[in-house]
Student: 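Let me begin by handing over the structure; questions about it come next.
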Amino acid sequence: MGLRRSVGLGRSVGLGRFAARRPFVVSAADGTRDRLAIERALRGRRWRPAVSPTETGMLVVCGNPGPALAEAIGVVWRDMPEPRVRVSASDLEGVAGGPRPALDLDADMADRAEDRDGLKLDVLHVPLGPVLSYWPAGLRADLTLQGDVVQEAEVTAVDTGGGTFWTEGRQAASRLDSLSRLLHVAGWEAAGERAAVLRDDALDGAADDALARRFAPFARKVGRSRTLAWMTRGFVKDRLDGLLRDIGAALEGRLVRPRETWDEAAVVLPVLLSGAELAQARLIVASLDPDLGAVGDG
């Protein structure tokens with residue numbers, strides 16, 4: 001069954017005045033189905049999701065956030081510019097916003113530490129997620145930065161789904177979704193959208209052989225991009241190449257390697273993130289794309 005009827009962005013919820021906006025979409029760990037439907041609906045309206053909540057007045061929440069994620073979403077919601085509307089993927093009811101909270105004047109100042117050359121650089125403690133565009137739902141990464149380089153990293157599952165959307169029959173679509181998100185993080189929006197279209201067609205039951213013929217030239221284009229290869233060099237490039245191979249194999253009916261479990265990702269992510277620049281850190285996370293929806297609740 002396809003996702004077309006799962007959600008619609010209709011005029012009945014009074015969103016017409018936000019048509020020029022770029023909705024900011026955030027998903028709970030159990031919200032994959034809603035997220036995919038929202039992405040399809042936005043694409044059908046030629047709306048582009050916002051990269052940052054500060055550039056829009058529309059927040060779209062997918063799934064059922066647990067307490068920790070709901071608190072993080074609330075902070076983002078209060079900081080969004082007015083007029084603003086909060087929309088649920090299930091009922092699409094607009095929610096009026098209240099005043100913004102006062103600035104926290106007790107926030108810690110940046111620490112100082114020596115870099116490798118003995119220079120004093122700011123040491124910043126920066127969280128990535130759980131409310132971030134094209135970010136694994138439910139993941140929080142706490143980074144210690146010196147300059148723009150990660151010195152230490154800790155990852156936490158702040159939300160879990162109790163059962164994955166990406167079942168055995170959706171392996172090609174699962175990898176296409178990860179590929180789409182990685183390409184978006186890398187800044188190649190058109191390619192990210194192309195991968196999303198192929199993903200949706202796979203979920204709608206399009207024939208694998210037809211999808212394989214459409215995917216092959218797209219995979220060659222992505223794989224041969226010199227700019228993308230430079231941006232994703234090292235581990236991320238290996239992961240990108242692996243995604244392309246896995247998608248091709250799945251569309252041809254061959255076995256593909258299973259996705260890493262959250263336990264596996266939680267071990268390897270801090271190691272990979274340490275020493276990476278901040279922009280590269282986002283690509284590393286996107287290339288692993290851990291599925292916290294597969295993690296049991298509690």
Side-chain angles (χ1 to χ4, degrees), residues 1-4 6 27 29-40 43 62 134-139 161-186 188-225 228-229 232 235-265 268-269 272 283-295:
M1 177 179 178
L3 299 175
R4 295 185 186 278
S6 298
S27 178
D30 69 351
T32 300
R33 180 182 294 275
D34 284 346
R35 172 177 65 80
L36 300 183
I38 285 289
E39 289 178 4
R40 186 199 295 257
R43 192 165 56 249
C62 303
Y134 304 111
W135 182 260
L139 175 66
T164 184
F165 172 82
W166 301 115
T167 54
E168 186 64 29
R170 294 169 172 164
Q171 294 305 302
S174 170
R175 276 38 174 216
L176 283 163
D177 185 58
S178 294
L179 176 63
S180 172
R181 289 150 70 82
L182 175 56
L183 292 170
H184 273 290
V185 173
W188 196 355
E189 186 172 352
E193 287 300 295
R194 181 60 178 162
V197 169
L198 290 169
R199 172 202 68 196
D200 291 348
D201 289 348
L203 290 170
D204 282 345
D208 285 349
D209 57 347
L211 283 175
R213 288 193 296 271
R214 292 164 55 196
F215 175 71
F218 172 69
R220 286 193 296 271
K221 181 177 181 179
V222 170
R224 293 174 179 174
S225 169
L228 186 63
T232 61
F235 173 81
V236 179
K237 183 61 165 64
D238 292 341
R239 294 288 300 187
L240 173 63
D241 292 342
L243 280 173
L244 295 174
R245 288 193 300 270
D246 286 350
I247 295 166
L251 291 176
E252 293 172 1
R254 294 185 282 117
L255 292 177
V256 297
R257 58 183 178 176
R259 291 180 62 156
E260 289 82 5
T261 66
W262 164 242
D263 288 342
E264 292 169 336
V268 72
L269 266 174
L272 293 170
L283 288 167
I284 289 170
V285 173
S287 71
L288 276 173
D289 196 22
D291 179 15
L292 274 72
V295 180

Student: With sequence neighbours left out, what residues match Glu264 under salt bridge (Lys or Arg N to Asp or Glu O under 4.0 Å)?
Tutor: none

Student: Applying side chain to side chain donor-acceptor pair (under 3.5 Å), can you list everything that pairs with Ser178, at least two apart in sequence or on another chain?
Tutor: Asp289

Student: Closest heavy-atom contact between Leu139 and Pro290?
Tutor: CD2-CG, 4.3 Å

Student: With sequence neighbours excluded, what pairs up with Ser287 under the side chain to side chain donor-acceptor pair (under 3.5 Å) test?
Tutor: none

Student: Measure the CZ-CD1 distance between Phe218 and Ile247 for me, rounded to the nearest 0.5 Å.
Tutor: 8.0 Å

Student: Is the backbone N or O of Leu228 less than 3.5 Å from a side-chain atom of Thr232, with the two atoms forming a donor-acceptor pair by type?
Tutor: yes

Student: To the nearest 0.5 angstrom, please state how far the CZ atom of Arg33 sits from the CG atom of Leu203.
Tutor: 8.5 Å

Student: With sequence neighbours left out, what residues match Arg224 under side chain to side chain contact (heavy atoms under 4.5 Å, CB included)?
Tutor: Arg220

Student: Under the side chain to side chain donor-acceptor pair (under 3.5 Å) test, which residues partner Arg43, sequence neighbours left out?
Tutor: Asp200

Student: Can you check whether Trp135's main-chain N or O pairs, donor with acceptor, with Arg181's side chain at less than 3.5 Å?
Tutor: yes

Student: If the condition is side chain to side chain donor-acceptor pair (under 3.5 Å), which residues does Thr164 pass it with, not counting sequence neighbours?
Tutor: Asp291

Student: Can you sort out the partners of Arg194 under salt bridge (Lys or Arg N to Asp or Glu O under 4.0 Å), two or more places apart, ordered by chain and number?
Tutor: none

Student: Please list, chain by chain and in numerical order, all residues satisfying side chain to side chain contact (heavy atoms under 4.5 Å, CB included) with Ala137, sequence neighbours excluded.
Tutor: Ser27

Student: Ignoring hydrogens and angles, tell me if any N or O in the side chain of Glu189 forms a donor-acceptor pair with the backbone of Val185 under 3.5 Å.
Tutor: no

Student: Of all heavy-atom pairs between Arg35 and Trp166, which one has the smallest distance, and what is that distance?
Tutor: NH2-CZ2, 4.4 Å

Student: Please enumerate all residues that pass salt bridge (Lys or Arg N to Asp or Glu O under 4.0 Å) together with Asp30, with sequence neighbours excluded.
Tutor: none

Student: If every non-hydrogen atom of Cys62 is compared with every non-hydrogen atom of Ile38, which pair is closest and at what distance?
Tutor: SG-CG1, 4.0 Å

Student: Pairs under 3.5 angstrom only: tabulate donor-acceptor contacts from the side chains of residues 208-216 to other protein residues two or more places apart or in another chain.
Tutor:
{"from": "Arg214", "atom 1": "NH1", "to": "Asp201", "atom 2": "OD2", "distance (Å)": "3.1"}
{"from": "Arg214", "atom 1": "NH2", "to": "Asp201", "atom 2": "OD2", "distance (Å)": "2.7"}

Student: Got a second to check how far Leu182's CG is from Ile284's CD1, nearest 0.5 Å?
Tutor: 11.0 Å

Student: Can you list every side-chain hydrogen bond (donor to acceptor under 3.5 Å, both in side chains) pair that touches residues 237-248, not counting sequence neighbours?
Tutor: Lys237-Asp241, Arg239-Glu260, Asp246-Arg257

Student: Give the intermediate values and the outcome of side chain to side chain contact (heavy atoms under 4.5 Å, CB included) for residues Leu243 and Leu176.
Tutor: CA-CA 8 Å; Leu243 280 173; Leu176 283 163; over 6 Å; no

Student: Looking at OG of Ser180 and OH of Tyr134, how far apart are the two atoms once the value is rounded to the nearest 0.5 Å?
Tutor: 7.0 Å

Student: For Ala219 and Leu244, which heavy atoms make the closest approach, and how far apart are they?
Tutor: O-CD1, 4.0 Å

Student: Measuring from Gln171:CD to Arg259:CZ, what's the distance to the nearest 0.5 Å?
Tutor: 8.5 Å

Student: Taking only residues two or more places apart in sequence or in another chain, which ones pass salt bridge (Lys or Arg N to Asp or Glu O under 4.0 Å) with Arg199?
Tutor: Glu39, Asp177

